[in-house]
Amino acid sequence: AQKVTQAQTEISVVEKEDVTLDCVYETRDTTYYLFWYKQPPSGELVFLIRRNSFDEQNEISGRYSWNFQKSTSSFNFTITASQVVDSAVYFCALSEVNRDDKIIFGKGTRLHILP
Amino acid sequence: GAVVSQHPSWVICKSGTSVKIECRSLDFQATTMFWYRQFPKQSLMLMATSNEGSKATYEQGVEKDKFLINHASLTLSTLTVTSAHPEDSSFYICSAMGGTVGNTIYFGEGSWLTVV
């Protein structure tokens, strides 16, 4: 079954701290994509990253970094030197090529960055 | 870059009426579009997969007669909430697959529906 688990419902950190959002996924397919999206209060989904199952290289983009570990079926997201503008709900998601590429979302982690 | 636009962004309708939400791919053709619903403080739940020129595929538990989906062209899919009730109030968001970079998925801005 296709499933995404974000165990952290809500996290609060003080500005400038680093924070890691966890994501664990389940899939029977060998070809799949993993995503992270940011959803601010306005509701729109902001695309952050897409990673295919054959690319386990970690990625860094500015203050954002992602750690993909197939051995543990995890795709964790770290924000370094957090800022108040990072406050949002973050969704991890999975799509399987053999299931029409439809994206299934985790329940999301609500991140509060305190000034 | 590729853009998906939804209209309207906000809509308030009376209970018992129907409301239509449009999802357009603005600069690419989308053979497949997806419709999601998100209740407050919850995740996005996939409602249906919309394929151009054919019937939509609904997820388990989604009433196809209540949520009518039409994908009549390669750039437009519509979701009609028929006989809306207050419990249908939600954030509806679409996504479209296409563009020039290997079947990338693009999300619309979402539509807030309030049924009074």
Side-chain angles (χ1 to χ4, degrees), chain A residues 1-11 21-27 29 31-55 87-112, chain B residues 1-11 21 23 30-52 54 56-60 62 69 71 89-99 101-114:
Chain A
Q2 185 185 14
K3 187 178 176 183
V4 177
T5 301
Q6 294 180 255
Q8 304 149 307
T9 305
E10 205 156 343
I11 300 175
L21 308 183
D22 297 333
C23 175
V24 174
Y25 63 92
E26 291 178 34
T27 177
D29 283 12
T31 305
Y32 53 90
Y33 292 95
L34 294 165
F35 305 80
W36 275 96
Y37 288 90
K38 174 182 180 180
Q39 187 178 44
S42 53
E44 80 274 17
L45 285 178
V46 178
F47 170 81
L48 298 178
I49 190 172
R50 180 178 82 161
R51 176 53 52 87
N52 76 56
S53 51
F54 299 109
D55 182 3
S87 298
V89 180
Y90 290 86
F91 290 99
C92 181
L94 165 73
S95 73
E96 295 169 331
V97 171
N98 290 333
R99 295 188 190 280
D100 300 323
D101 290 306
K102 53 189 178 184
I103 296 179
I104 301 301
F105 288 83
K107 292 188 175 181
T109 297
R110 186 173 297 273
L111 178 62
H112 301 280
Chain B
V3 176
V4 173
S5 177
Q6 275 184 247
H7 177 81
S9 301
W10 298 81
V11 58
I21 301 170
C23 177
T31 54
T32 303
M33 291 183 174
F34 303 92
W35 285 97
Y36 293 82
R37 178 171 56 184
Q38 184 182 29
F39 292 112
K41 296 194 174 183
Q42 294 190 23
S43 185
L44 290 86
M45 300 302 297
L46 180 65
M47 299 175 68
T49 302
S50 169
N51 294 298
E52 187 267 336
S54 64
T57 303
Y58 290 82
E59 295 298 303
Q60 194 172 11
V62 177
I69 291 173
H71 194 158
S89 299
S90 185
F91 183 63
Y92 293 87
I93 190 166
C94 71
S95 66
M97 184 188 301
V101 185
N103 277 348
T104 303
I105 295 181
Y106 302 92
F107 280 86
E109 316 96 321
S111 299
W112 295 92
L113 169 63
T114 301

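The chains referred to below are lettered A, B, ... by the order of the sequence lines, with proteins before strands, and numbering in each begins at 1.
- Of all heavy-atom pairs between B:Phe91 and A:Glu44, the closest is CZ-N, 4.5 Å.
- Per-residue heavy-atom pair counts under 4.5 Å with chain B were compared for A:Ser95, A:Gly106, A:Ala93, and the maximum is reached by A:Gly106.
- When heavy atoms are compared at a cutoff of 4.5 Å, B:Gln38 approaches chain A solely by way of its side chain, counted from C-beta outward.
- Remark: B:Met45 CE to A:Lys107 NZ distance equals 8.5 Å, nearest 0.5 Å.
- Summarising the geometry of A:Phe91 relative to B:Gln42, their closest heavy-atom pair is CZ-O, 4.1 Å, with the distance given to 0.1 Å.
- A pairwise comparison of heavy atoms in B:Phe34 and A:Lys102 identifies CE2-CB, 3.3 Å as the closest pair.
- Put simply, OH on B:Tyr106 and CG on A:Leu45 are 15.0 Å apart, with the number rounded to the nearest 0.5 Å.
- The CD1 atom of B:Ile105 sits 5.0 Å away from atom CZ of A:Phe35, with the distance rounded to the nearest 0.5 Å.
- Both the backbone and the side chain of B:Leu44 come within contact range of chain A, judged by heavy atoms closer than 4.5 Å.
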Could you go through B:Phe107 and A:Ile103, starting from their C-alpha distance and side-chain angles, then the distance that decides it, and tell me whether this counts as side chain to side chain contact (heavy atoms under 4.5 Å, CB included)?
CA-CA 11 Å; B:Phe107 280 86; A:Ile103 296 179; 4.1 Å; yes
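- A:Pro41 and B:Trp112 get closest at one heavy-atom pair: O-CZ2, 4.4 Å.
- Of the two parts of A:Gln6, neither the backbone nor the side chain holds a non-hydrogen atom closer than 4.5 Å to a non-hydrogen atom of chain B.
- Only the backbone of A:Ser42 comes within contact range of chain B, with at least one heavy atom under 4.5 Å from a heavy atom of that chain.
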